[in-house]
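Worksheet for the structure shown next.
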Amino acid sequence: GAHFKCLTRKPIPDPLTYPVNKDIYRTTVLLTTWERTMRGTIHSARLELVEGDITQQKDDAIVNAANTTLLGGGGVDGAIHRAGGPAILEECKKIGGCPTGEAVITSGGNLPAQWVIHTVGPVWRDGSKREDALLRNDYKNCLIQADLQQLESIAFPSISTGAYRFPIEKAAHIALSTIAGHLKGKTTVKTVYFVLFGAAALEAYQNSLQDLCGKDTEMKQV
Ligand code: AR6
């Protein structure tokens with residue numbers, strides 16, 4: 001099987017530790033000092049894992065981990081509505097809600113992304129309440145929404161692994177295998193990003209992707 005490569009960019013030195021000239025020290029705080037990513041291909045599509053804030057993604061669509069009311073909340077849902085402005089909430093109110101495992105689409109409001117696909121992840125109980133199947137449906141239904149709009153790029157957060165407490169290793173495997181399966185079929189989607197919030201989440205998805213690549217000969221490193 002093919003393997004994904006982890007690309008690590010060297011951290012930029014702390015700006016306060018080196019002089020611009022002998023008297024003046026730079027005091028600008030550089031926020032992005034570290035960038036890690038892992039990428040690969042499945043047939044002609046690309047799959048990329050990055051660490052960051054999904055509201056900054058300039059893709060055709062970003063995915064929101066919403067709740068059944070679609071009326072907003074904390075976590076990534078709160079961040080998307082804050083950054084996207086009230087137009088998204090207005091559209092959500094008109095749609096009127098979304099069952100767990102399904103997905104709906106609205107405009108992206110003020111976001112750099114054109115569309116927001118809202119999906120509702122399962123709350124993790126003990127694994128016996130169809131949590132796995134429901135999470136698989138989330139990813140599948142988001143990609144179906146993207147295909148219906150003929151979108152080429154989509155960015156996912158790690159659905160259900162925050163407030164809904166789905167174990168992240170298990171969630172990562174379900175997410176990546178479901179997406180890989182979809183990209184092998186007929187789809188308009190050419191690039192899928194996973195935007196992971198924090199190093200621990202990125203690492204869980206990287207491990208899962210490496211695992212999957214070892215077993216799936218149709219996935220290749222780029
Ligand atoms: N960009 C990318 N990922 C993020 C961001 C961000 N800006 N902010 C948080 N995450 P959660 P859930 C990560 O709780 O578990 C809401 O209140 C976060 O670290 O947002 O599906 C809804 O309204 C975690 O890894 O979603 C629902 O009521 C992941 O996104 C409920 O929470 C998902 O965490 C949904 O819970």
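Because the structure is a prediction, the values reported are computed rather than measured. Values below: every heavy atom of this structure, side chains too, minus hydrogens, waters and symmetry copies.
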In one Ile/Leu/Val/Met/Phe/Trp/Tyr side-chain cluster, 4.5 Å: Leu134, Leu70
no
Value rounded to 0.5 Å, distance of CD in Gln210 from OG in Ser208:
10.0 Å
Evaluation steps, side-chain contact (heavy atoms from CB on, under 4.5 Å), between Leu176 and Leu49:
CA-CA 10 Å; Leu176 296 172; Leu49 309 182; 4.2 Å; yes
For the NE2 atom on His81, are there more than 12 heavy atoms of other groups (residues, nucleotides or ligands in this structure) within a distance under 6.0 Å?
yes
Would you say Leu47 and Met219 make side-chain contact, with heavy atoms under 4.5 Å?
yes
Using modelled atom types and a 3.5 Å cut-off, is there a donor and acceptor pairing between side-chain atoms of Asp147 and backbone atoms of Thr188?
yes
Is there side-chain contact between Val76 and Phe197, with at least one heavy-atom pair below 4.5 Å?
no
CG/Leu196 to CD1/Ile54 distance, rounded to the nearest 0.5 angstrom?
9.5 Å
Single-linkage hydrophobic cluster, 4.5 Å side-chain cutoff, Ile174 and Ile117 together
yes
Could you give the distance from NZ (Lys58) to OH (Tyr193), rounded to the nearest 0.5 Å?
10.5 Å
Student check: side-chain heavy atoms of Ile62 and Val195 closer than 4.5 Å:
no
Would you say Lys184 has more than 12 foreign heavy atoms packed within less than 6.0 Å of its NZ?
yes
Identify the residue among Leu111, Thr55, Val63 that makes a side-chain contact (heavy atoms from CB on, under 4.5 Å) with Val116.
Leu111
Work out which heavy atom in Leu151 is nearest to a heavy atom in Ala61; give both atom names and the distance.
CD1-CB, 3.5 Å
Residue pair His182 / Thr178, side-chain heavy-atom distance below 4.5 Å
no
What pair of heavy atoms forms the shortest contact from Tyr139 to Pro157, and how long is it?
OH-O, 3.5 Å
Please answer whether the main-chain N or O of Asn137 pairs with a side-chain N or O of Asn141 as donor and acceptor at a distance below 3.5 Å.
yes
Would you indicate whether the side-chain heavy atoms of Gln145 and Trp115 approach each other to under 4.5 Å?
no
Any side-chain heavy-atom pair of Glu152 and Thr191 under 4.5 Å
no
His173 backbone acceptor or donor facing Ser177 side chain under 3.5 Å
yes
On a heavy-atom basis, the closest approach of Gly72 and Leu89 is N-CD1, 4.5 Å
I need the Thr119 OG1 to Asn67 CG distance, nearest 0.5 Å.
11.5 Å
With distance as the sole test, does Glu131 use its side chain to make a donor-acceptor pair with the main-chain N or O of Arg125 at under 3.5 Å?
yes
Minimal heavy-atom distance between Asp77 and Asn64, with the atoms involved, is OD1-ND2, 2.8 Å
Can I get a per-line list of side-chain donor-acceptor pairs under 3.5 Å for residues 96-109, giving both atom names and the distance, sequence neighbours left out?
unit_1 : atom_1 : unit_2 : atom_2 : d
Thr106 : OG1    : His118 : NE2    : 2.9
Ser107 : OG     : Glu91  : OE2    : 2.6
Ser107 : OG     : Gly109 : N      : 3.4

What closest approach, in Å, do Ile168 and Ser158 show between heavy atoms, and which atom pair accounts for it?
CD1-OG, 4.1 Å
How far apart are the C-alpha atoms of Asp132 and Leu135, what are their side-chain angles, what is the distance that settles it, and do they pass the side-chain contact (heavy atoms from CB on, under 4.5 Å) test?
CA-CA 5 Å; Asp132 289 17; Leu135 190 62; over 6 Å; no
Should Ile42 and Ile144 be counted in the same cluster of Ile, Leu, Val, Met, Phe, Trp and Tyr side chains packed under 4.5 Å apart?
no
4.5 Å side-chain heavy-atom contact, Phe156 and Ile179:
yes
Single-linkage hydrophobic cluster, 4.5 Å side-chain cutoff, Tyr164 and Ile80 together
no
How long is the span from the OG1 atom in Thr187 to the CD atom in Gln150, to the nearest 0.5 Å?
10.5 Å
Polar side-chain atom of Asp60 near backbone of Ser153 as donor-acceptor pair, under 3.5 Å
yes
Are Lys129 and Asp126 side-chain neighbours, meaning at least one heavy-atom pair lies under 4.5 Å?
yes
Working to the nearest 0.5 angstrom, can you tell me the gap between Phe166 CZ and Ile159 CD1?
11.0 Å
Looking only at heavy atoms, what is the nearest atom pair of Ala83 and Asn110, with distance?
O-CB, 3.8 Å
